[in-house]
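See below for the structure under consideration.
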Amino acid sequence: MKLSSFPFSITDFGDITPEIKPGITGFAEWRTFYRDDVRIRQVTYSPEYLADHWCSKGHIIFCIEGSMETELANGSKHTLNKGLIYTVGDDSDAHRTYSKEGCRLLIVD
């Protein structure tokens with residue numbers, strides 16, 4: 001990832017109108033802004049959220065609170081708890097998310 005030249009700024013996610021994305025169960029609340037080609041999101045998963053799709057997009061994900069489980073297409077499962085980060089590249093490992101108790105994430109992609 002290369003960041004273009006843009007000025008210093010501070011963003012309050014509370015000022016961004018949320019988008020609600022339904023899952024197979026539960027929902028995700030996205031608060032999104034862009035810096036050129038970089039998408040930056042605060043995402044909150046409701047309890048019992050299960051993504052309705054497999055994703056092949058690369059991400060850098062930091063767990064702010066709660067926990068989530070990421071299942072890869074190969075069947076392996078990985079838990080991301082508060083304070084941990086995971087990274088995956090574009091078209092590397094298709095993945096989908098489940099959160100039993102809910103969680104809040106910072107996602108850059």
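Distance OG1/Thr11 to CZ/Arg31: 13.0 Å, rounded to 0.5 Å. Taking CD1 of Ile107 as the start and CH2 of Trp30 as the end, the distance is 7.5 Å to the nearest 0.5 Å. For the atom pair CG (Leu105) and CD1 (Ile85), the distance works out to 11.0 Å, reported to the nearest 0.5 Å. Rounding to the nearest 0.5 Å gives a distance of 9.5 Å between CD1 of Ile61 and CG of Leu106. To the nearest 0.5 Å, the span separating CZ on Arg104 from CD on Glu29 amounts to 10.0 Å. Of the inter-residue distances, the one linking Asp12 atom CG with Gln42 atom CD reads 9.0 Å to the nearest 0.5 angstrom.
With hydrogens and angles left out, the side-chain atoms of Glu48 and Tyr98 include a donor and acceptor closer than 3.5 Å. A donor atom on one side chain and an acceptor atom on the other are not found under 3.5 Å apart for Ser4 and Arg35.
Contact annotation: the side chain of Leu3 approaches that of Val38 to within less than 4.5 Å [non-hydrogen atoms, C-beta and beyond]. Within the 4.5 Å cutoff, the side chain of Thr25 has no heavy atoms near those of the Tyr49 side chain. For the pair Ile16 and Thr32, the minimum side-chain heavy-atom distance is 4.5 Å or more. Residues Phe13 and Ile40 form a side-chain contact, since some pair of their non-hydrogen atoms from C-beta on lies under 4.5 Å apart. Between Asp109 and Arg41 there is a side-chain heavy-atom pair separated by less than 4.5 Å.
Among all heavy-atom pairs drawn from Cys103 and Met68, the shortest one is SG-CB, 3.8 Å. Shown here for Glu101 and Pro47, the closest heavy-atom pair between the two residues is O-CG, 3.6 Å. Minimum heavy-atom separation, Ala73 to Trp54: N-CZ3, 3.5 Å. The nearest pair of heavy atoms linking Ile24 to Ala51 is CD1-O, 3.5 Å. Among all heavy-atom pairs drawn from Ser99 and Ser67, the shortest one is OG-O, 2.8 Å.
The side-chain hydrogen bond (donor to acceptor under 3.5 Å, both in side chains) contacts involving residues 80-95 comprise His59-His95, where partners must be two or more places apart or lie in separate chains.
Between Lys21 and Asp52 there is no salt bridge, since none of the side-chain N atoms of the basic residue sits less than 4.0 Å from a carboxylate O of the acidic one.
More than 12 heavy atoms of other residues, nucleotides or ligands lie within 6.0 Å of CZ in Phe33, so this atom counts as buried by the packing criterion.
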